[in-house]
Number of protein chains: 2
Amino acid sequence: MARYQEIALSLEQEISQAYHAGQYLPAEQRLAERYQVNRHTLRRAIDELVGKGWLLRQQGKGVMVLSKPVRYPLHAGAKFTDNLLNIGAAPTSQLLNLCRVDASERISEALQIPIASQVVQLKTLRFIDDTPVSLVFHHFKLGEHEIALGRYQEGSVHQFLKQHCHITLKRQHTVIGAQLPSANDSACLQVPSKTPLLRLQSINVDQQHQPFEFSVSHIRAELVELSLEHPL
Amino acid sequence: MARYQEIALSLEQEISQAYHAGQYLPAEQRLAERYQVNRHTLRRAIDELVGKGWLLRQQGKGVMVLSKPVRYPLHAGAKFTDNLLNIGAAPTSQLLNLCRVDASERISEALQIPIASQVVQLKTLRFIDDTPVSLVFHHFKLGEHEIALGRYQEGSVHQFLKQHCHITLKRQHTVIGAQLPSANDSACLQVPSKTPLLRLQSINVDQQHQPFEFSVSHIRAELVELSLEHPL
DNA sequence: GACTTTAAGTTATCTAGACAAGTAAGGCAG
DNA sequence: CTGCCTTACTTGTCTAGATAACTTAAAGTC
């Protein structure tokens with residue numbers, strides 16, 4: 001077993017016993033001295049625990065110990081916002097960008113439109129208690145509701161659609177994967193490039209069961225896990 | 001944007017255009033020379049794409065371009081083995097370890113037994129076409145079927161239970177997360193410590209809807225994604 | 001031919017040093 | 001007191017080099 005793995009294991013034990021969420025580890029240089037290794041080797045050890053969701057790096061501040069992730073139910077009608085309000089957390093959403101883009105193969109298949117035709121793309125960032133949690137790309141067909149969407153600024157997108165367009169969306173199909181963040185993901189979610197993300201691709205349908213929205217969410221896996229009840 | 005991120009972006013484009021699954025990239029040293037950077041910087045760039053599921057590192061051989069992941073449906077009755085046979089792949093399972101362990105809080109909660117009471121733990125490794133795909137920890141209550149379980153050696157565990165114990169398991173509750181592999185995960189799944197894994201924790205019930213198995217799967221996210229149909 | 005050894009080429013790990021970039025707190029001018 | 005600047009400390013990135021571990025194929029041995 002590599003030295004950095006030994007150190008990661010040792011640190012993991014120490015954290016679970018002597019630290020609680022919100023506390024900061026000693027500086028990398030100090031830890032490197034304690035373990036008698038180069039700072040790069042110690043960084044590698046910390047990277048292991050960051051990847052497992054135990055620690056969060058904050059440039060200029062230090063390495064923080066995290067708490068257990070929020071469990072997020074995945075029903076057909078499950079709403080990000082409502083779920084979190086129930087827990088007592090303060091969920092917010094912020095519009096980053098609104099534009100038209102050419103539909104990729106995946107998007108056109110999901111929305112049942114021709115490939116390379118244009119769609120409206122909404123890029124939003126979701127927070128829990130001022131911590132960025134997920135980056136979401138919403139895709140809608142062009143059409144009557146496009147102008148209304150242009151007025152969206154913040155808060156739940158699905159709530160907005162319900163109020164201004166009288167459309168209630170339901171989750172119809174979801175594909176779940178995991179990946180490391182791109183440079184853009186890292187920047188928006190304020191995580192280093194080694195913390196894994198959950199990737200959710202959802203097709204949401206309107207009351208007539210017609211595909212209305214295709215969304216791709218990149219979610220910080222140290223903070224959130226998905227929960228699923230299977231019907232009998 | 002950091003140099004290694006620029007290189008990752010450049011490589012990603014090149015791969016999607018000029019490579020197909022199974023091909024190998026030029027050696028790190030060559031690529032480092034091409035981009036005029038130190039080999040460590042180029043490694044960091046490759047790490048980005050490994051994390052995104054585009055590439056697979058193989059010590060001593062090189063860096064291989066991967067194909068798109070297998071999509072694995074997650075119904076109540078979904079079976080790893082049957083799903084893959086339908087696709088035309090060759091799924092196998094191998095027993096790594098069988099022992100009794102003390103139930104953690106998570107396990108005892110899932111199986112509805114007292115905390116720290118003992119359970120039977122089966123550790124299995126699943127392959128698709130001789131590639132290790134997931135590492136699974138199965139947990140069962142002690143009891144009448146324990147001896148039968150002791151005879152399990154390979155193939156689908158659920159199939160084995162059906163044939164030898166006449167028990168048909170159904171997925172009742174699933175929690176999905178993502179994390180980087182531990183040292184043990186890396187070794188069993190033959191992946192470096194930077195490729196993210198999907199983590200599936202499932203409670204499986206018998207015909208009387210009683211919790212019978214609690215399993216924890218660590219799945220290579222570059223190879224598999226989970227698919228979910230939501231009922232109306 | 002079958003097996004072993006060797007060599008070359010590859011990725012993996014560790015060390016060492018430098019500088020950039022971000023944070024926080026104290027000191028200072030207004 | 002407020003606002004700005006400086007300074008110290010932290011993490012992030014890049015370079016450079018050495019050695020270990022692993023894979024493959026060719027050369028050698030029986």
Side-chain angles (χ1 to χ4, degrees), chain A residues 1-9 11 22-51 54-66 130-132 180-183 185-195, chain B residues 1-11 22-51 54-66 130-131 180-181 183 185-187 189-195:
Chain A
M1 185 188 278
R3 186 81 181 99
Y4 74 87
Q5 290 173 320
E6 292 175 6
I7 296 175
L9 224 65
L11 272 177
Q23 280 188 303
Y24 283 82
L25 256 51
E28 293 175 344
Q29 193 54 55
R30 300 276 178 85
L31 284 174
E33 283 159 13
R34 185 209 291 182
Y35 285 105
Q36 298 276 304
V37 295
N38 190 276
R39 187 181 142 225
H40 290 101
T41 305
L42 185 111
R43 275 178 69 79
R44 180 79 190 264
I46 288 183
D47 284 345
E48 293 284 298
L49 300 184
V50 169
W54 287 80
L55 300 175
L56 175 70
R57 307 190 90 108
Q58 293 174 283
Q59 183 173 359
K61 290 183 71 174
V63 178
M64 193 177 73
V65 176
L66 288 174
D130 299 320
T131 303
L180 293 184
S182 67
D185 292 335
S186 288
C188 293
L189 295 173
Q190 295 173 31
V191 290
S193 58
K194 284 171 192 162
T195 46
Chain B
M1 188 188 274
R3 186 84 181 98
Y4 74 86
Q5 290 172 322
E6 291 176 6
I7 296 174
L9 223 64
S10 162
L11 273 177
Q23 281 188 304
Y24 284 82
L25 255 50
E28 293 176 342
Q29 192 55 55
R30 300 275 179 85
L31 285 174
E33 283 159 14
R34 185 209 292 183
Y35 286 105
Q36 298 277 302
V37 294
N38 190 276
R39 189 182 140 226
H40 290 97
T41 305
L42 185 112
R43 275 178 69 78
R44 181 79 189 265
I46 289 183
D47 284 345
E48 294 284 298
L49 299 184
V50 169
W54 287 81
L55 300 175
L56 176 69
R57 290 181 165 288
Q58 291 175 284
Q59 183 173 357
K61 291 182 71 174
V63 177
M64 193 177 73
V65 176
L66 289 173
D130 299 320
T131 303
L180 293 183
D185 292 335
S186 287
L189 295 172
Q190 296 173 31
V191 290
S193 57
K194 283 171 196 162
T195 46

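Here is the naming used below: chain letters follow the sequence lines, and residue numbers restart at 1 for every chain.
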ask   = Which pair of non-hydrogen atoms, one from A:Ala45 and one from A:Ala8, has the smallest distance, and what is that distance?
value = O-CB, 3.7 Å

note = Smallest heavy-atom separation, A:Pro26 atom then A:Leu31 atom, equals O-CD1, 3.6 Å

task = Please state whether the phosphate of D:dT15, meaning OP1 or OP2, lies under 4.0 angstrom from any side-chain nitrogen or oxygen of B:Thr41.
result = yes

Does any part of the side chain of [Y], heavy atoms only, come nearer than 4.5 Å to the side chain of [X], both counted from C-beta?
{"X": "A:Arg43", "Y": "A:Arg57", "value": "yes"}
{"X": "A:Leu56", "Y": "A:Thr195", "value": "no"}
{"X": "A:Gln29", "Y": "A:Leu42", "value": "no"}

remark   = Bounded by its outermost nucleotides with an atom under 4.0 Å from a heavy atom of chain B, the footprint on DNA chain C reads C:dG9 to C:dC14

message = Assess whether a salt bridge exists between B:Arg30 and B:Glu33, defined as any Lys/Arg side-chain N lying under 4.0 Å from an Asp/Glu carboxylate O.
response = no

5' priority, DNA chain C, between A:Met1 and A:Lys61 [closest heavy atom] = A:Met1

note = When rounded to whole Å, the CD to P distance for the pair A:Gln58 and D:dG12 reads 10 Å

remark   = Here the residues of residues 28-40 of chain B within 4.0 Å heavy-atom distance, strictly under, of DNA chain C are B:Glu28, B:Arg39, B:His40

request  = Look at all strands and tell whether B:Arg44 reaches a base, only sugar-phosphate, or nothing, counting heavy atoms closer than 4.0 Å.
outcome  = sugar-phosphate

request  = Go through the side-chain N and O atoms of A:Thr41 and A:Tyr35 and say whether any donor and acceptor fall under 3.5 Å apart.
outcome  = no

Side-chain donor-acceptor distances from residues 58-66 of chain B under 3.5 Å, at least two apart:
{"from": "B:Gln58", "atom 1": "OE1", "to": "B:Tyr24", "atom 2": "OH", "distance (Å)": "2.7"}
{"from": "B:Lys61", "atom 1": "NZ", "to": "B:Tyr24", "atom 2": "OH", "distance (Å)": "3.4"}

